[in-house]
Amino acid sequence: MNMQFNRQFEHEVGAKRILFDVTYNPKTHYFEVFESGQQEGYLLKFDMETRAWSTEGPAAPTIPAEDLALLVQKQFGHFV
């Protein structure tokens, strides 16, 4: 079975449309996120103990981690 671990989607933030390029890493269970207009990406992570989403990395997301997590989960068709 060939799984697709990458999704691209757009989301409007304020009056600006942002393209998100998201790749799931099945080894770490993190999502690597690149946003249009940013030079570097960041990780979107879910903490099983606290049941909370967070981001980590050199770039900051343009939307809160929880909101981004909902968009990403919708794109991948899997919710936690």
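Basis for what follows: all heavy atoms, side chains included, without hydrogens, waters or symmetry-related copies. Just so it is clear, the model here is predicted, and its values are computed rather than measured.
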*asked:* Assess the residue pair Asp47 and Trp53 against the criterion (side-chain contact (heavy atoms from CB on, under 4.5 Å)); give the C-alpha distance rounded to whole Å, side-chain angles, the decisive distance to 0.1 Å, and a yes or no.
replied: CA-CA 6 Å; Asp47 185 315; Trp53 288 94; over 6 Å; no

*Residue among Phe5, Phe46, Phe20, Tyr24 satisfying ring-ring contact (aromatic ring centres under 6.0 Å, His included) with Phe31*: Tyr24

*Answer yes or no: are there more than 12 heavy-atom neighbours, outside Gln39 itself, under 6.0 Å from its atom CD?*
no

_Just checking Tyr30: does its OH atom have more than 12 heavy atoms from other residues, nucleotides or ligands closer to it than 6.0 angstrom?_
no

*What are the two closest non-hydrogen atoms of Ala65 and Ser54, and how far apart are they?*
CB-CA, 3.9 Å

*Grab the two heavy atoms, one from Gly41 and one from Pro58, that are nearest each other, plus how far apart they are.*
O-CD, 3.5 Å

For the atom pair [atom1] ([X]) and [atom2] ([Y]), what is the distance rounded to the nearest 0.5 Å?
X	Y	atom1	atom2	result
Glu12	Arg17	CD	CZ	5.5 Å
His11	Lys74	NE2	NZ	9.5 Å
Leu19	Glu10	CG	CD	6.0 Å
His29	Met48	NE2	CE	9.0 Å

*When you look at Phe34 and Thr23, which way does the side-chain contact (heavy atoms from CB on, under 4.5 Å) test go after all the steps?*
CA-CA 9 Å; Phe34 288 92; Thr23 302; over 6 Å; no

*Show the numbers, then the answer: is there a side-chain contact (heavy atoms from CB on, under 4.5 Å) between Val72 and Leu44?*
CA-CA 9 Å; Val72 168; Leu44 175 65; 4.0 Å; yes

*Does the side chain of Glu35 pick up a donor-acceptor pair with the side chain of Tyr42 at under 3.5 Å?*
yes

_Any Thr55 side-chain heavy atom under 4.5 Å of Leu43 side chain_ = no

*Taking a hydrophobic cluster as the set of Ile, Leu, Val, Met, Phe, Trp and Tyr residues connected by side-chain heavy atoms closer than 4.5 Å, whether directly or through intermediates, do Val13 and Phe9 fall within one such cluster?*
yes

_Arg7 side chain to Gln75 backbone, donor-acceptor under 3.5 Å_ = yes

*Check the pair Gln38, Thr62 against side-chain contact (heavy atoms from CB on, under 4.5 Å), reporting the backbone distance first and the verdict last.*
CA-CA 10 Å; Gln38 292 187 343; Thr62 54; 4.2 Å; yes

